[in-house]
Each structure stands twice: as structure tokens, then as C-alpha cells.
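Working notes for the structure below.
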Protein chains: 2
Amino acid sequence: MAESTLLFSEIRNVQKFMRDETIVPQGESATCWYEVVHGAVRVCQYHSDGRRQIIGFAFPGDVVGLEWGMRQSCAEALVPSQLFRHDLSDLSLRMGGVPTAVNGEHPALESALAAAHQSIALLGLPTALERVAGFLLALARRLNCGTLLCLPMPRVDIADYLGLTMHTVSRTMSELVRRGLIALDAPNRARILAPEHLGELAGFDFPEDTVGEAQLVA
Amino acid sequence: MAESTLLFSEIRNVQKFMRDETIVPQGESATCWYEVVHGAVRVCQYHSDGRRQIIGFAFPGDVVGLEWGMRQSCAEALVPSQLFRHDLSDLSLRMGGVPTAVNGEHPALESALAAAHQSIALLGLPTALERVAGFLLALARRLNCGTLLCLPMPRVDIADYLGLTMHTVSRTMSELVRRGLIALDAPNRARILAPEHLGELAGFDFPEDTVGEAQLVA
DNA sequence: CGGGGACTTGATGGTTGTCAAGAAATGTGG
DNA sequence: CCACATTTCTTGACAACCATCAAGTCCCCG
């Protein structure tokens, strides 16, 4: 997994988090945000009735915790991760923003918004097959890992993100294997065999590079 | 429906759009964005296979067309509307931003992101009943209309937004009426009878005012 | 009064959630 | 290195939910 570039003088502001450790707690007043340097992060909401909803996932170059006022969501490390802490007041830092941005004063916010819109498009798909196909394809593009996709999150996290159950996610991935669109070398190691066919399922009719490299959440 | 405040000198920059008229076309390179002054707008994506996905709805104070590079989505007027055109380079204008913002340099972007996250939370709900309940409640809060909610969009738009069919939306609203949670004086005029019960269904356990007044999309 | 669009409702089949069990991967201690 | 426990993942059976197909109703407008 690639690292995002940091100035030498900024290395000291990088914080390390263990697997499942809370990076940003839900419900507190926001004073800072984080850029993922290394690892993988989930952004989610816990509800009083015990339900959990995952808003999105963040990877190196992405931003989490970018909220104002009371935090509606929290961020947790999916794997041991390193994040660069920013004060909430500095938004004009150079960031892994949208390369094609015309003006792009605030790539952190801009690409966060673009990523959120892609998530909305994903969640609006009607069937589990389409949502899982779109999820895998979007993740592979985001991680820029070619055809060999390592899934840093468990099935239940994918399920809570796509509005499905763990069982349906598992069944659907088996169905994608059965159709020859992907292969599973291990539960968390997938190979994308037919990306264009996955794209058709998910309604990804944009030409591969219209979505910026760095996407993010929260 | 309230108007957002504009300086007198800016009135001339307000453009009017008919019902169903395209405000921002999909696929072109973005050069500007719009603030809704009066009316209602839907933001959506058209796919090459004929499917349509609605990303969100925008109302006075909201922002549409805030993208960089090739536009992934378009904006269309739900009802006769007036929008204030901004150049893509000016993001530091005063806007109907999040009132509780700590710093809030760019409320347009910030509240767009917050609204997108709320949409993601809505679309992640597992059942049609929960999604429709959450949609109605969120819309009533956004429009600040008390209990009398006027729906400016047809059923099929709600369906394409929530990832359901028009039939399921209609059936679900009838079910909400049957349960006494809402009343329908007309197809597009609903009364919220039990907001707290709707909130329970949708998992809205936040205390009513944690989400800013002005929300928006795209 | 008649026509058309939007909405509602019924019947049916496919899809997904739930409950349950089992398999596979992972971690731990011997 | 192996045995065991734990967690994660997968799969089956059944019920609940939703999409599809098809009428039918309501309302607006000419």
C-alpha cells in the first residue's frame, strides 16, 4: 500500500494506531482532522439502538475527521495505521487532491465530496450483486493495485457499508466467483478477472480516469 | 419555501429555470456552481444503459454543481427555480453554511460534505420502511416546514434516490399512513404525525439540532 | 366530458434477511 | 510443529421483503 508524501519536518506529527483503535471518537467537538499516511481506516456511525453504519473507508492520501461542530461519525483503524494530524483551521495544505482539478484550492474537501458522491451512487444501486461489484471495482481503482485486490476490512464491514448483511456479501462474492468475474485466493485476497463486466453491473460507464486518484471520506 | 439572502448587487446574477430544465449538464467540464435561491433541484447521474440515479436534492441555501473537471452528475429543476451562479474559482463567498461551524472557511463545501454523509447514512439503511421514514424526516427538517411537508419531487425521484422502485415507495408511504406516523392530504402533501417514531425507524438518535440548517448536494 | 399523467394497489416470483450449522483461517499454548 | 480455541467466513433452509407485471384510481387540464 503506497504512502502519501510528507515533508520531513512533518514526520513528527504522524500518529500510529493499532488495529480497531479509535482515531476520532463520535460525539465530541471536532478540533482536528487526519490524513491517512499508511494503513486503512473505516468511518462509521454508532446509533443508540446498537446499529452501526459505515460511511466509508479511507486509505493513504485520504482524509478523515473533516467535520465541524459535534462529530457525527468516528474513525477506526482497520489495520495498524499511521495518520498525519492537522488542525481544523488549516485546510490550505497541499494534499493528495484531484489531479485534474481546475482550480482546486482545497483538494481535501473537494475530493472528500467527490468520494462521498461516488459512495451515494454505489449505495443507490438496487441489487446486492451490483453494489458488491461496484464496491470491489471502486476499491481496486482506489488502491491502484491492478487486478490483485487485498481487502483490509472484514465482510461485516462491507455489509454495514453497502446496507447488506455479512451473509449476503459472502453469497454475492461467491456468485461473482461462480460467474468468473473475480477469484478468491483467500477471503481477503481477491483477483479482478473481468473489470469491464463488473463495471457494467455497477453502471460505471465513465472512462476509467474521470474519478480522481485520491478519494476519501469524512 | 424560504429564500436565501443575497446582496442587492448580486440579484442580476440570478438565473431562472423552468420545471425539468437542466441547470448543469452531465459530462461537460465544470466552470461554475450554483446556489439555490428559490425552488427545488434534483442532482442525478444518467448511465449509458439507461439507468438513472439521483444523488440528492437541493433547496434554497444549498449548492449544486460543485465539481472539478468532468461533471459526473447533472442538476435539474424540480419546480420553477432561481439559482445564483458562482464562478468555480470563488469559494470563499458567504453562504448558508453550518451555523455551528467552528471555523467554516468554506461553508458551501463543508455543508455539502455533511449533507452527503447524511445521504450515505440514509441509503445504508436496510429496509424500505427505514429509508422512506428517514427521507421524509430529513426533508421536513431541511425545509424547516414543521409538520406539514410538501414534496416537490415525484415518487419515482424518491425511488431513484433511495434505491427502490416507485411502487415500493408508494406502498411504504401507505404503510406509514396505516401506522399513523404520517398522513397524506395529497400525494405531495404529507403531515408528519410522529417525528420521534420516524426517527427511531431511521436510527436518527441525534438530538434534532446536530445537523446544520443548510444541507446540500453536488 | 374525456384524456393523460401520476399515484396506488394486487398477484407473483426473485432477492435478501434470519436462523442455523459447518468450514476455513487465525492465534495461542504446549 | 502441532493441538486447540477463537474468530471469520461460507453455505443451506426458510421466511420476509421487494421488484415486476398488470390493473385500477385519482387528479389535473384541456
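Proteins get letters first, then strands, A, B, ... in listed order; numbering begins at 1 in each. For the numbers below, each heavy atom of this structure counts, side chains included, while hydrogens, waters and symmetry mates do not.
Looking only at side-chain heavy atoms (C-beta outward), B:Pro80 and B:Arg19 come within less than 4.5 Å of each other. Between A:Glu200 and B:Asp49, the closest side-chain pair of non-hydrogen atoms is not below 4.5 Å. Residues B:Gln118 and B:Phe204 meet the side-chain proximity criterion, which asks for heavy atoms closer than 4.5 Å.
Put simply, the side chain of A:Arg189 never gets that close to the backbone of A:Leu148: no donor and acceptor are under 3.5 Å apart.
Under 4.0 angstrom from either OP1 or OP2 of D:dC18 there lies no side-chain N or O belonging to B:Arg171. Dashed line: the shortest gap from a side-chain N or O of B:Thr165 to OP1 or OP2 of D:dT20 is not under 4.0 Å. Close to D:dT11, at under 4.0 Å from its OP1 or OP2, lies a side-chain N or O of A:Ser174.
If you take CG of A:Leu129 and P of C:dG14, they are 16 Å apart, rounded to a whole angstrom. Here C:dG14 presents its P atom at 17 Å from CD of A:Glu130, a figure rounded to the nearest Å. The separation between B:Met166 atom CE and D:dA19 atom C1' is 11 Å, rounded to whole Å. For the pair B:Glu175 CD and D:dC18 P, the interatomic distance rounds to 10 Å; values are reported in whole Å. Note: CG (B:Leu162) to C1' (D:dC18) measures 14 Å, nearest angstrom. Rounded to a whole Å, the CG atom of A:Leu164 is 13 Å from the P atom of D:dC18.
Across D:dC9, C:dT16, C:dC7, the shortest atom-to-atom separation from the side chain of A:Ala128 is found for C:dT16. Taking only side-chain atoms of A:Thr168, from C-beta outward, the nucleotide of D:dC18, C:dC7, C:dT16 with the closest atom is C:dT16. Each of C:dC7, C:dT16, D:dC18 was ranked by its minimum atom distance to the side chain of A:Thr127; first place goes to C:dT16. Relative to the side chain of A:Arg155, the nucleotides C:dT8, D:dC18, D:dT10 differ in distance, and D:dT10 lies closest.
Side-chain atoms of B:His167 and base atoms of C:dT9 include a donor and an acceptor less than 3.5 Å apart.
Between B:Leu137 and the choices B:Leu201, B:Leu198, B:Leu149, the side chain to side chain contact (heavy atoms under 4.5 Å, CB included) rule is met once, by B:Leu198.
Projected onto DNA chain D by closest heavy-atom contact, A:Pro126 and A:Pro187 fall at different nucleotides, the more 5' of which corresponds to A:Pro187.
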